[in-house]
Amino acid sequence: EVQLVESGGGLVQAGGSLRLSCSASGFDFDDYAVGWFRQAPGEEREGVSCFSHVDGSRYYADSVKGRFTMTSDNTKNMMYLQINDVKPEDTAIYYCAASWSDYICPINQPDFWGQGTQVTVSS
């Protein structure tokens, strides 16, 4: 079965950095688009970053461009989200996701989700 497990969240000071990881299993990265989403309290879930192994398309939300960098290692079935110059508005639960039905970034309805990891930014 497809499984996605996030890690690396925690409490971080504004201006600091952290890296989120997502371990994937049960599917071939070559056939999927993968990405990161986040959901802040009282807000809807939003797509943060995406990379498609199918067509090479990429996406970053305007709010994170220049600060977030997504990488994907097909050989290790790992995804990462490097977050730099973190801001209080980055506070959210971050989810990794994978999609085969919609494989062109950005993806709106991923087929599979991780359980999420909390990122909390203090001023």
Side-chain angles (χ1 to χ4, degrees):
E1 72 226 48
V2 173
Q3 289 192 325
L4 300 166
V5 181
E6 303 95 334
S7 62
L11 178 64
V12 60
Q13 299 291 328
S17 300
L18 74 167
R19 188 175 77 158
L20 308 182
S21 300
C22 177
S23 178
S25 62
F27 67 99
D28 188 350
F29 269 28
D30 290 342
D31 300 325
Y32 283 76
V34 295
W36 290 90
F37 291 72
R38 68 184 182 185
Q39 187 166 21
E43 300 184 8
E44 64 183 22
R45 192 170 299 186
E46 65 171 338
V48 173
S49 181
C50 180
F51 173 72
S52 176
H53 295 89
V54 180
D55 69 353
S57 57
R58 300 175 185 269
Y59 168 82
Y60 286 99
D62 289 342
S63 60
V64 307
K65 287 181 179 178
R67 299 188 299 115
F68 288 21
T69 302
M70 177 185 174
T71 56
S72 180
D73 189 332
N74 183 274
T75 62
K76 296 182 178 180
N77 284 352
M78 292 289 296
M79 301 159 49
Y80 307 94
L81 186 67
Q82 179 68 42
I83 304 175
N84 296 327
D85 191 22
V86 67
K87 301 177 179 180
E89 50 264 45
D90 294 323
T91 294
I93 301 175
Y94 285 73
Y95 302 87
C96 62
S99 180
W100 62 267
S101 55
D102 180 7
Y103 57 80
I104 303 174
C105 293
I107 52 177
N108 297 313
Q109 296 276 12
D111 297 296
F112 305 102
W113 296 92
Q115 83 289 346
T117 185
Q118 177 72 48
V119 173
T120 302
V121 182
S122 61
S123 300

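Sequential numbering from 1 along the given sequence is applied to the chain's residues.
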Only distances under 3.5 Å count here; give the side-chain donor-acceptor pairs of residues 4-11 to other protein atoms, sequence neighbours excluded, each with its distance to 0.1 Å.
| residue | atom | partner | partner atom | Å |
| --- | --- | --- | --- | --- |
| E6 | OE1 | Q115 | N | 2.9 |
| E6 | OE1 | Q115 | NE2 | 3.3 |
| E6 | OE1 | G116 | N | 2.8 |
| E6 | OE2 | C96 | N | 2.8 |
| E6 | OE2 | G116 | N | 3.2 |

Interatomic spacing from CG in L81 to OG1 in T69 - rounded to 0.5 Å: 8.0 Å
Side-chain donor or acceptor of S52 paired with backbone N/O of A33 under 3.5 Å: no
Heavy atoms from other residues, nucleotides or ligands near CD of Q109 exceed 12 (cutoff 6.0 Å): no
Any side-chain heavy-atom pair of R58 and C105 under 4.5 Å: no
F112 with F29, same ILVMFWY side-chain cluster at under 4.5 Å: yes
Polar side-chain atom of T91 near backbone of V121 as donor-acceptor pair, under 3.5 Å: yes
Partners meeting side-chain contact (heavy atoms from CB on, under 4.5 Å) with Q39 (sequence neighbours left out): R45, Y95
W36 to L20 - nearest heavy-atom pair and separation: CH2-CB, 3.7 Å
4.5 Å side-chain heavy-atom contact, V64 and R38: yes
Single-linkage hydrophobic cluster V48~V12, side-chain heavy atoms < 4.5 angstrom: yes
Rounded distance [0.5 Å steps], CZ in F27 versus CG in N77: 6.5 Å
Residues in side-chain contact (heavy atoms from CB on, under 4.5 Å) contact with D30, at least two apart in sequence or another chain: D28, N74
4.5 Å side-chain heavy-atom contact, F51 and M79: no
Donor-acceptor contact present, side-chain D111 to main-chain W100, <3.5 Å: yes
Nearest atoms (heavy-atom pairs only) where Y80 meets S21: CD2-OG, 3.4 Å
Pairwise side-chain contact, S49 with F68, heavy-atom cut-off 4.5 Å (strictly under): no
Smallest separation among heavy atoms of S123 and Q13, with atom names: O-OE1, 3.6 Å
Common cluster, V119/F37, ILVMFWY with side-chain heavy-atom separation under 4.5 Å: no
Sidechain-backbone polar pair: D55 side chain, I104 backbone, donor-acceptor under 3.5 Å: no
Closest contact, heavy atoms only, D85 versus R67: O-NH1, 3.1 Å
Donor-acceptor under 3.5 Å (H53 side chain, Y32 main chain): yes
Validation row: M70, V34 side chains within 4.5 angstrom (heavy atoms): yes
Interatomic spacing from CG in L18 to CG in D90 - rounded to 0.5 Å: 9.0 Å
Heavy-atom check, side chain of S23 versus side chain of M78, under 4.5 Å: yes
Same cluster (ILVMFWY, side-chain, under 4.5 Å), I93 and W113: yes
